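Keep in mind the model is a prediction, meaning the values are calculated, not measured. Counting starts at 1 for both ligands and their atoms, following the listed order.
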Amino acid sequence: MAATTETATATRPDTAWRDEIRRLAAERDAVLLAHNYQLPEIQEVADHTGDSLALSRIAAESEASVIVFCGVHFMAETAKILSPDKTVLIPDARAGCSLADSIDGAQLRDWKAEHPDAVVVSYVNTTAEVKAETDICCTSSNAVDVVRSIPAEREVLFCPDQFLGAHVKRETGRENLHVWAGECHVHAGINGPELAERAASVPDADLFIHPECGCATSALYLAGAGTVPAEKVKILSTGDMVTAARETEASSVLVATEIGMLHQLRKAAPEIDFQAVNERASCRYMKMITADALLRCLRDGTDEVRVDAATAQRARDAVRRMIAIGQPGGGE
Ligand code: 13P
Ligand code: SF4
C-alpha cells in the first residue's frame with residue numbers, strides 16, 4: 001500500500017490497503033456501508049453495499065458503535081437521524097448531491113403554506129432540514145408504495161425529483177399529487193433520444209431505467225409505441241436492478257443510471273453484457289469517497305456528521321415511516 005504523503009499521492013486500493021481498512025474498522029467497531037454508485041474498491045471493502053433504502057435499514061439495525069457511510073452527505077445524515085447516539089462518519093463531507101440542493105427548508109415551508117392540508121412526501125435525497133418539514137420520506141424503491149399509503153382524497157406534495165414524481169404520478173394515477181421541479185444533474189442528463197438510439201443498436205436488450213432519469217418517460221413511450229417490448233422496460237431503484245439482473249433471461253442490458261452501478265450488476269450476472277446508456281453519467285460527489293479518503297476517515301475519525309437534536313427529532317418520524325413501508329431495499 002502506498003502511504004498517504006504530503007504530496008497527496010493517491011493510495012492504491014491493493015490488498016494491504018484493504019487489510020488496513022478492515023483492521024481500522026474492527027478497531028473502531030465500525031460498520032462500513034457503501035452505496036451502489038461508489039467506486040468498485042469501496043464497494044468491495046464495505047460490509048454492505050446497496051441502495052438508499054437498504055442502507056438506511058441496515059444503519060438503523062446495526063449494533064456497531066460507528067457507522068461509516070461511503071455515499072453522499074444526505075445518506076450519512078439519514079443514518080445519524082436514525083441513530084443519534086452513534087458516531088456517523090463520511091469519508092469526505094464535501095460529497096453533496098445536486099438533487100438534495102434543489103429544495104431547502106424555507107422553500108418547502110412556503111410550498112406547504114400554499115397547500116396547508118397536503119401530506120408532504122420527500123425523497124430521501126434531501127437535507128435533514130427538509131426532512132424535518134416532511135410527513136413521510138421515500139426512496140426510489142418504495143416511492144409508489146409510500147404515496148399509495150396516503151388516503152386518496154389527501155393532496156400530496158412530492159419533492160424534490162420531478163422525474164421520480166412523474167413516475168409515481170403515472171403509477172398511482174393520482175391527480176392530487178403536486179411535484180417539485182428538482183432534478184439530479186447526472187440522471188437528468190440521461191435523455192430520451194440517447195436511450196432510443198442505444199435501444200435501436202441493441203434491439204434484444206432489457207432496459208433498466210432509474211426513475212430519476214430524464215429518459216424514464218421516453219422509455220415508457222418506446223414501450224407504448226411497440227419500439228421496445230413493454231416487458232423489457234423496467235423502471236427500478238439501484239437495488240432492484242441487482243435483483244432484476246439475477247432474474248432476467250436477456251443476454252444484454254442497457255442501464256440508465258450512474259455508472260458505478262455496473263459493478264454490482266456485473267457481479268450479480270457475469271454472463272450478461274451490461275452497457276451504460278450514457279457512459280459519462282458519473283456522480284462526482286459519489287466519487288469523492290476515494291481509497292485515501294476512507295483510510296483517513298478510519299484513521300482520524302473524520303468527517304463526523306452531526307444533525308442538531310431538534311431537527312433530527314422532527315425528521316425521525318418521516319424517516320422511520322420510510323423504512324417501514326414497501327419491500328426491502330436491495331442490498332447484501
Ligand atoms: P437508490 O439507491 O435509492 O436507487 O438511489 C439512487 C440515487 O441517486 C442516490 O443518490
Ligand atoms: Fe445526488 Fe444525482 Fe449524485 Fe445521486 S447521482 S447522489 S441524486 S447528484
Side-chain angles (χ1 to χ4, degrees), residues 33-39 42-43 46 48-59 69-79 90-103 121-127 130 137-146 159-165 167-168 180 182-190 208-216 234-245 255-265 276-278 280-289 319 322-323 325-332:
L33 307 182
H35 188 264
N36 287 320
Y37 298 161
Q38 289 290 289
L39 292 165
I42 303 292
Q43 297 190 29
H48 304 278
T49 300
D51 67 13
S52 310
L53 184 59
L55 295 179
S56 298
R57 285 183 168 144
I58 293 167
F69 219 117
C70 299
V72 292
H73 197 264
F74 75 80
M75 296 180 175
E77 246 183 12
T78 306
I90 184 167
D92 191 331
R94 296 168 302 172
C97 169
S98 62
L99 181 54
D101 286 344
S102 60
I103 189 165
V121 177
S122 296
Y123 196 28
V124 70
N125 297 42
T126 42
T127 59
V130 166
C137 289
C138 69
T139 73
S140 56
S141 64
N142 71 355
V144 172
D145 293 326
V146 164
C159 72
D161 190 71
Q162 56 179 307
F163 299 110
L164 180 64
H167 170 65
V168 171
W180 189 259
E183 63 183 29
C184 150
H185 70 293
V186 179
H187 286 89
I190 308 175
F208 286 7
I209 318 276
H210 194 277
E212 282 176 28
C213 285
C215 65
K234 298 170 192 194
I235 311 280
L236 302 164
S237 74
T238 64
D240 292 337
M241 285 187 188
V242 177
T243 308
V255 183
T257 193
E258 208 273 351
I259 52 173
M261 189 66 229
L262 294 168
H263 181 68
Q264 285 299 321
L265 292 174
V277 170
N278 180 340
R280 300 172 311 285
S282 174
C283 174
R284 68 186 172 90
Y285 302 114
M286 285 282 180
K287 275 33 177 191
M288 286 177 176
I289 312 305
V319 176
M322 169 185 90
I323 60 176
I325 293 176
Q327 304 158 350
E332 49 169 84

In this structure, atom 7 (C) of ligand 1 is nearest to the protein heavy atom Tyr37 CE1, 3.5 Å
For ligand 1, is there an N or O atom under 3.5 Å from any N or O atom of His187? no
Contacting atoms of ligand 1, where contact means under 4.0 angstrom from a heavy atom of Ser237: 4 (O)
Per-atom contacts of ligand 1 with Tyr123, taking only distances under 4.0 Å to non-hydrogen atoms: 5 (O)
Shortest non-hydrogen contact between Tyr285 and Arg94, atoms and distance: CD2-O, 4.0 Å
Contact with ligand 1 for His35, non-hydrogen, under 4.0 angstrom: yes
Considering only protein heavy atoms, which is closest to atom 8 (O) of ligand 1, and at what distance to one decimal place? Glu212 OE2, 3.1 Å
Enumerate the atoms of ligand 1 whose separation from the nearest heavy atom of Met75 is less than 4.0 angstrom. 9 (C), 10 (O)
Please answer whether the main-chain N or O of Gln43 pairs with a side-chain N or O of Thr49 as donor and acceptor at a distance below 3.5 Å. yes
Can you count the protein N/O/S atoms lying under 2.8 Å from atom 3 (Fe) of ligand 2, leaving waters out? 1
Give the intermediate values and the outcome of side chain to side chain contact (heavy atoms under 4.5 Å, CB included) for residues Val146 and Met322. CA-CA 7 Å; Val146 164; Met322 169 185 90; 5.6 Å; no
Ser52, any N or O under 3.5 Å of ligand 1 N or O: yes
Please confirm whether Thr238 comes within less than 3.5 Å of ligand 1 when only nitrogen or oxygen atoms on both sides are compared. yes
Where ligand 2 meets Asn125 - atom numbers and elements under 4.0 angstrom, heavy-atom basis: 7 (S)
About how many Å separate SG of Cys138 and CG of Leu164, when rounded to the nearest 0.5 Å? 6.0 Å
Here the pair of heavy atoms bringing Cys70 nearest to Ile42 is CB-CG2, 3.6 Å
Quick one: closest heavy-atom pair of His187 and Glu258, and the distance? NE2-N, 3.8 Å
What atoms of ligand 2 come within less than 4.0 Å of a heavy atom belonging to Glu212? 7 (S)
Locate the shortest heavy-atom distance separating Glu212 from Tyr123; write the atom from each residue and the value. OE2-OH, 2.6 Å
If the cut-off is 4.0 Å to any non-hydrogen atom of His210, which atoms of ligand 1 fall inside it? 1 (P), 4 (O), 5 (O), 6 (C)
Please answer whether the main-chain N or O of Ile325 pairs with a side-chain N or O of Asn142 as donor and acceptor at a distance below 3.5 Å. yes
For Gln38 and Met286, indicate whether the former's side chain and the latter's backbone hold a donor-acceptor pair under 3.5 Å. yes
Distance check, rounded to the nearest 0.5 Å: His73 atom NE2 versus Asn125 atom CG? 14.0 Å
Modelled atom types, side-chain donor and acceptor of His185 and Ser98, under 3.5 Å: yes
Contact between ligand 1 and Ser141 is defined here as a heavy atom of the residue under 4.0 Å from a ligand atom; is it met? no
Hey, does Tyr285 sit under 4.0 Å from ligand 1 if you only count heavy atoms? no
Work out whether the distance between some heavy atom of Asn125 and some atom of ligand 1 is less than 4.0 Å. yes
Can Thr257 and Tyr37 be counted as having a side-chain donor-acceptor contact under 3.5 angstrom? yes
Carefully, step by step, assess Glu183 and Ser102 under the rule side chain to side chain contact (heavy atoms under 4.5 Å, CB included). CA-CA 7 Å; Glu183 63 183 29; Ser102 60; over 6 Å; no
